[in-house]
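Notes follow once the structure below has been shown.
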There are 2 protein chains.
Amino acid sequence: MPVRRERADAARNRLRVLAAAEALFAEQGVADTTMDEVAARAGVGKGTVYRRFGDQAGLAAELLSERGRELQERIMSGPPPLGPGAEPQERLAAFAAAYLEFQATHLDLVLLSESGSAGSRLRKGSYAFWRQHCAWLLSQAGAVDPALRAEALLASLSAEQVQDWVGRDGADVSALAAGLARLAATLATA
Amino acid sequence: MPVRRERADAARNRLRVLAAAEALFAEQGVADTTMDEVAARAGVGKGTVYRRFGDQAGLAAELLSERGRELQERIMSGPPPLGPGAEPQERLAAFAAAYLEFQATHLDLVLLSESGSAGSRLRKGSYAFWRQHCAWLLSQAGAVDPALRAEALLASLSAEQVQDWVGRDGADVSALAAGLARLAATLATA
DNA sequence: TGACGAAGCGGACTGTGGTCCGCTACGGTC
DNA sequence: GACCGTAGCGGACCACAGTCCGCTTCGTCA
């Protein structure tokens with residue numbers, strides 16, 4: 001299949017839209033920013049935004065995967081226990097804590113990226129990476145049903161769940177992280 | 001506080017709306033039914049629907065809690081292993097399987113009830129019951145962090161997760177149920 | 001039974017996400 | 001450089017969730 005290059009104007013507009021969205025989200029919050037505003041700020045028609053990103057969730061996912069790249073780096077080639085070198089069980093616990101922090105930090109963006117009726121929402125973008133990583137660690141640790149448990153763990157760290165937890169338990173995120181790390185370890189050993 | 005009785009016309013309209021929604025959902029699917037249609041079918045203004053149910057999610061939750069009541073009965077006073085009489089661990093495994101089936105059966109309704117930006121979405125209505133039940137069984141089984149693990153288990157059975165699973169793995173729901181039952185047992189023992 | 005305060009009603013209205021389609025300009029070819 | 005097929009553009013347009021507020025009806029008290 002011929003890998004058709006992205007046209008110059010399309011590339012320019014893509015960057016403009018991403019920059020505009022990032023700026024508006026920072027200035028006035030994710031919830032108060034409309035797609036029209038993003039398009040206007042980017043100096044671009046609304047149709048262009050939708051052609052490129054599909055919908056709001058797609059735009060959010062794009063922004064998010066940029067930010068997730070850094071965490072992916074730390075996992076693949078950073079120091080243990082998050083990176084390679086530690087026991088699978090420890091790595092999984094470290095991942096749970098780190099991923100919780102990531103989700104909590106970008107909560108509204110993640111929430112947006114998961115919303116909408118676009119088939120299997122979050123199941124696009126970087127989600128595959130997280131799932132793969134967890135499933136791999138679980139199977140290394142000799143757990144049963146590694147694929148299923150990977151998804152179970154990630155489901156416990158979904159935006160809805162995290163929102164609920166931080167909203168209810170307030171600032172006690174570190175206790176939560178500890179509990180989730182214990183949970184991850186349990187999943188890996190049994 | 002004075003428990004003000006529901007006005008007669010309000011009660012009548014509430015039943016009409018619920019019946020209209022149920023009929024339309026059955027006839028043309030949840031996704032293709034608009035709030036205007038529900039209101040029109042019920043012979044009621046749109047404002048009335050919103051006054052009573054808050055939003056789409058609220059309406060869906062109401063319908064859902066009616067249907068969930070039956071499962072609640074089976075849990076509280078039905079035969080084991082779902083009902084009382086079996087070991088906590090077995091009951092939890094049975095619950096996981098039964099709840100999965102419930103979610104899969106009412107998938108689009110549950111999805112709708114969880115959508116929307118109304119604070120902590122599903123965290124209203126019957127969710128409290130499920131959480132309570134799981135947390136109780138887990139603590140009976142001597143598990144650590146019973147409250148957290150109850151939520152983790154339910155998160156793994158959230159509508160998004162279930163949708164993803166049945167959408168991807170197709171008809172193999174029984175294998176999934178078995179895996180989730182194992183997972184529940186693991187959570188209870190460790 | 002009449003009167004009155006308030007709960008409840010309803011549908012016009014608004015804001016926003018997403019679509020559509022005629023127009024533009026990019027970039028490959030001769 | 002001129003030409004042309006097509007990817008990409010843009011903003012008018014549409015559908016639908018949710019709000020608002022003047023009007024209606026309920027039910028209570030005398």
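Order of the sequence lines fixes the chain letters, A, B, ..., with proteins taken first and strands second; residue numbering starts at 1 for each chain. Basis for what follows: all heavy atoms, side chains included, without hydrogens, waters or symmetry-related copies.
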[X] has an atom [atom1]; how far is it from atom [atom2] of [N], in whole Å?
X     : N      : atom1 : atom2 : answer
B/L59 : D/dG18 : CG    : P     : 11 Å
A/D9  : C/dG28 : CG    : C1'   : 15 Å
A/L15 : D/dG8  : CG    : P     : 14 Å
A/R14 : D/dC9  : CZ    : P     : 11 Å
A/R12 : C/dA25 : CZ    : C1'   : 10 Å
A/D55 : C/dT16 : CG    : C1'   : 14 Å
A/R7  : D/dC9  : CZ    : C1'   : 8 Å

Reported [atom1]-to-[atom2] distance for the pair [X] and [Y], which is rounded to 0.5 angstrom:
X      : Y      : atom1 : atom2 : result
B/L109 : B/E22  : CG    : CD    : 9.0 Å
A/T48  : A/F53  : OG1   : CZ    : 10.5 Å
B/E151 : B/L138 : CD    : CG    : 11.5 Å
B/L82  : B/F95  : CG    : CZ    : 8.5 Å

Side-chain heavy atoms of B/L71 within contact of B/W130, under 4.5 Å = yes
Heavy atom of residues 39-53 of chain B under 4.0 Å from DNA chain C: which residues?
-> B/V44, B/G45, B/K46, B/G47, B/T48, B/R51, B/R52
Listed in order of residue number, which residues of residues 16-38 of chain A have a non-hydrogen atom at under 4.0 Å from DNA chain C?
-> A/T34, A/M35
Checking [X] side chain against [Y] main chain: does a donor-acceptor pair fall under 3.5 Å?
X      : Y      : answer
A/D164 : A/E160 : no
B/R91  : B/P80  : no
B/E37  : B/T34  : yes

Counterpart residues, side chain to side chain contact (heavy atoms under 4.5 Å, CB included), relative to A/A21 (two or more places apart) | A/F25, A/V38, A/L59, A/L63
Respond yes when some side-chain nitrogen or oxygen of A/N13 is under 4.0 Å from OP1 or OP2 of D/dG8, and no when none is.
-> no
